[in-house]
Engineer: 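Pasting a structure here, questions to come.
Order of the sequence lines sets the chain letters (A, B, ...), proteins ahead of strands, with each chain counted from 1.
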2 protein chains.
Amino acid sequence: MKLKEAKAEFIQTWGALGSSWGINRTMSSIHALLIASKDPLSADEIMDYLKISRGNVNMNVRALIDWGLVKRHMIPGERKEYFSAGKDPWEIARQVAAERRKRELEPVIEAVSQLQKIEDTSAEAEDFKNTLAQLEDFTRKVSNTLNQFVKSDKNWFFKKLMSLIH
Amino acid sequence: MKLKEAKAEFIQTWGALGSSWGINRTMSSIHALLIASKDPLSADEIMDYLKISRGNVNMNVRALIDWGLVKRHMIPGERKEYFSAGKDPWEIARQVAAERRKRELEPVIEAVSQLQKIEDTSAEAEDFKNTLAQLEDFTRKVSNTLNQFVKSDKNWFFKKLMSLIH
DNA sequence: AATAAATTTCAATAATTATTGAAAGTTTAA
DNA sequence: TTAAACTTTCAATAATTATTGAAATTTATT
């Protein structure tokens with residue numbers, strides 16, 4: 001297999017993965033393209049490679065920057081902006097975990113916690129309150145654990161990962 | 001807050017969560033309804049409560065069964081099928097982790113592993129191979145860890161979770 | 001300040017994904 | 001074996017989500 005083909009397939013694979021994770025295909029394709037690329041790319045290069053419009057590139061690159069997965073570069077003497085993505089899988093996972101915790105887990109904890117204020121005292125109501133309490137407890141534990149990952153350094157993470165397996 | 005309201009909001013919250021995780025809103029709403037419900041429900045009851053069509057209930061309940069999140073009940077003397085969902089968050093998470101590992105992580109490992117067969121030996125090709133190798137290694141580690149979770153019992157999981165935090 | 005280069009926005013449109021509902025298929029019971 | 005009760009399928013349609021592209025805006029250069 002040639003380098004070019006491999007990169008094209010990687011972009012394809014990564015794009016499909018993203019879409020099964022609720023991230024849109026174009027966003028993950030751009031991310032993959034930048035991961036696979038030695039040097040930062042301009043909007044024009046991304047448009048050209050992925051055959052998508054300027055507006056689309058702009059919106060999805062912005063989203064990637066929001067997620068902390070891509071950064072802007074200003075090259076001295078150039079007017080254009082360039083974009084690059086970090087290549088370390090652990091850093092990528094950490095960034096994604098941090099954002100999802102904030103965006104998805106925290107709101108659930110908040111909501112489930114509020115819902116437990118049920119006035120009824122029927123057996124059914126008590127049961128449901130109990131289900132919610134368990135859910136809150138579980139979600140808090142997961143959220144705390146993720147938070148540790150996010151704040152930890154790479155070696156700590158791998159050590160723990162290994163300790164889980166053995 | 002009354003029990004009915006709380007259940008309605010829970011269904012709402014859980015539905016929204018699912019859709020940010022690439023699971024469709026109706027599927028997670030049905031799941032939430034069954035979690036919140038004391039007894040198993042029939043297709044008609046689900047249709048009625050969520051105001052969705054029979055076909056939609058059938059398809060999404062089937063998907064939930066595929067995911068191992070819902071089971072069928074036959075009540076003796078009744079013609080209808082009834083459905084229920086497990087209420088233990090740990091069991092739910094385990095089931096979801098098991099399925100996603102199989103459906104999403106394993107194919108990525110396979111794909112990334114294949115992609116490393118790049119013939120080129122330019123510095124750029126070597127760099128990219130290296131990125132892929134790191135990605136494969138990371139994904140394998142995550143996959144193994146998830147697999148441990150999946151095979152483990154509840155207490156083991158919580159003990160490990162706690163050991164990570166402290 | 002005028003111009004050029006690049007970026008951003010967003011209404012229109014295209015593409016995708018979810019939902020309906022009626023017909024076909026199955027199962028159970030008399 | 002017929003009919004009623006229930007489930008499944010799937011083509012048509014609705015709803016949602018992504019994409020385009022041209023106009024508006026911003027930023028840099030002369």
Engineer: Got a sec, which residues hit side-chain hydrogen bond (donor to acceptor under 3.5 Å, both in side chains) with B/Gln134, two or more places apart in sequence or on another chain?
Structural biologist: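 For B/Gln134, no residue satisfies side-chain hydrogen bond (donor to acceptor under 3.5 Å, both in side chains) once neighbours in sequence are set aside.
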Engineer: Restricting to salt bridge (charged side-chain N to carboxylate O under 4.0 Å, His left out), what partner residues turn up for B/Arg54, sequence neighbours left out?
Structural biologist: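 B/Asp44.
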Engineer: For B/Asn147, check side-chain hydrogen bond (donor to acceptor under 3.5 Å, both in side chains) against everything at least two apart and list the hits.
Structural biologist: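 Here the qualifying residues are B/Arg101.
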Engineer: Output all residues satisfying side-chain hydrogen bond (donor to acceptor under 3.5 Å, both in side chains) with B/Arg25, sequence neighbours left out; order by chain, then residue number.
Structural biologist: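 side-chain hydrogen bond (donor to acceptor under 3.5 Å, both in side chains) check on B/Arg25 returns B/Ser19.
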Engineer: For B/Glu104 and A/Trp21, which heavy atoms make the closest approach, and how far apart are they?
Structural biologist: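 Reported closest heavy-atom pair: OE1-NE1, 2.8 Å.
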Engineer: Backbone N or O of A/Leu3 within a donor-acceptor pair of the B/Asp120 side chain at under 3.5 Å?
Structural biologist: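 Checking the backbone N and O of A/Leu3 against the side chain of B/Asp120, a donor-acceptor pair under 3.5 Å is found.
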Engineer: Group every Ile, Leu, Val, Met, Phe, Trp and Tyr by side-chain heavy-atom contacts under 4.5 Å, then state whether B/Met59 and B/Ile30 land in the same group.
Structural biologist: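 Hydrophobic grouping puts B/Met59 apart from B/Ile30.
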Engineer: Is it true that B/Glu124 and A/Lys7 have a side-chain N and a carboxylate O under 4.0 angstrom from each other?
Structural biologist: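 Salt bridge between B/Glu124 and A/Lys7, a charged N being under 4.0 Å from a carboxylate O: yes.
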Engineer: With sequence neighbours excluded, what pairs up with A/Lys117 under the side-chain hydrogen bond (donor to acceptor under 3.5 Å, both in side chains) test?
Structural biologist: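 So A/Lys117 forms a side-chain hydrogen bond (donor to acceptor under 3.5 Å, both in side chains) with A/Gln114.
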Engineer: Among residues 70-85 of chain A, which residues get a heavy atom nearer than 4.0 Å to DNA chain C?
Structural biologist: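 Of all residues in residues 70-85 of chain A, the ones placing a heavy atom under 4.0 Å from DNA chain C are A/Arg72, A/Arg79, A/Lys80, A/Glu81.
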Engineer: Kindly calculate the angle separating the two end axes of the helix from C/dA1-D/dT30 to C/dA30-D/dT1, each obtained from five base pairs, and round it to 10 degrees.
Structural biologist: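 Inter-axis angle at the termini of the helix from C/dA1-D/dT30 to C/dA30-D/dT1: 20°.
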Engineer: Donor-acceptor pair, B/Glu91 side chain versus B/Lys87 backbone, under 3.5 Å?
Structural biologist: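 Between the backbone of B/Lys87 and the side chain of B/Glu91 there is no qualifying donor-acceptor contact (under 3.5 Å).
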Engineer: Are B/Asp137 and B/Lys141 ion-paired here, with the side-chain N under 4.0 Å from a carboxylate O?
Structural biologist: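 A salt bridge links B/Asp137 with B/Lys141.
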Engineer: Looking at residues at least two apart in the chain, or sitting in another chain, which of them share a ring pair (Phe, Tyr, Trp, His ring centres under 6.0 Å) with B/Phe10?
Structural biologist: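 Once residues adjacent in sequence are excluded, the partners of B/Phe10 under the ring pair (Phe, Tyr, Trp, His ring centres under 6.0 Å) criterion are A/Phe128, B/Trp14.
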Engineer: Near DNA chain C, counting only heavy atoms under 4.0 Å, which residues of residues 47-64 of chain A show up?
Structural biologist: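 Heavy-atom cutoff 4.0 Å gives A/Arg54, A/Gly55, A/Asn58, A/Met59, A/Arg62.
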Engineer: Under the ring pair (Phe, Tyr, Trp, His ring centres under 6.0 Å) definition, can you give me all pairs with a residue in residues 54-73 of chain A, not counting sequence neighbours?
Structural biologist: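 Every pair satisfying ring pair (Phe, Tyr, Trp, His ring centres under 6.0 Å) with a residue in residues 54-73 of chain A: there are none.
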Engineer: First and last nucleotide of DNA chain C touching chain A, 5' to 3', heavy-atom cut-off 4.0 Å?
Structural biologist: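 Reading along DNA chain C, I get C/dA4 to C/dC10.
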Engineer: Atom CD of residue position A/Gln12 - does it have more than 12 heavy atoms of other residues, nucleotides or ligands inside 6.0 Å?
Structural biologist: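 Incorrect, the count does not exceed 12.
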Engineer: Is there a donor-acceptor contact under 3.5 Å from the side chain of A/Gln116 to the main chain of A/Val112?
Structural biologist: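 Between the backbone of A/Val112 and the side chain of A/Gln116 there is a qualifying donor-acceptor contact (under 3.5 Å).
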Engineer: Using a strict heavy-atom distance below 4.0 Å, which residues from residues 33-46 of chain B are in contact with DNA chain D?
Structural biologist: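 Here the set is empty: none.
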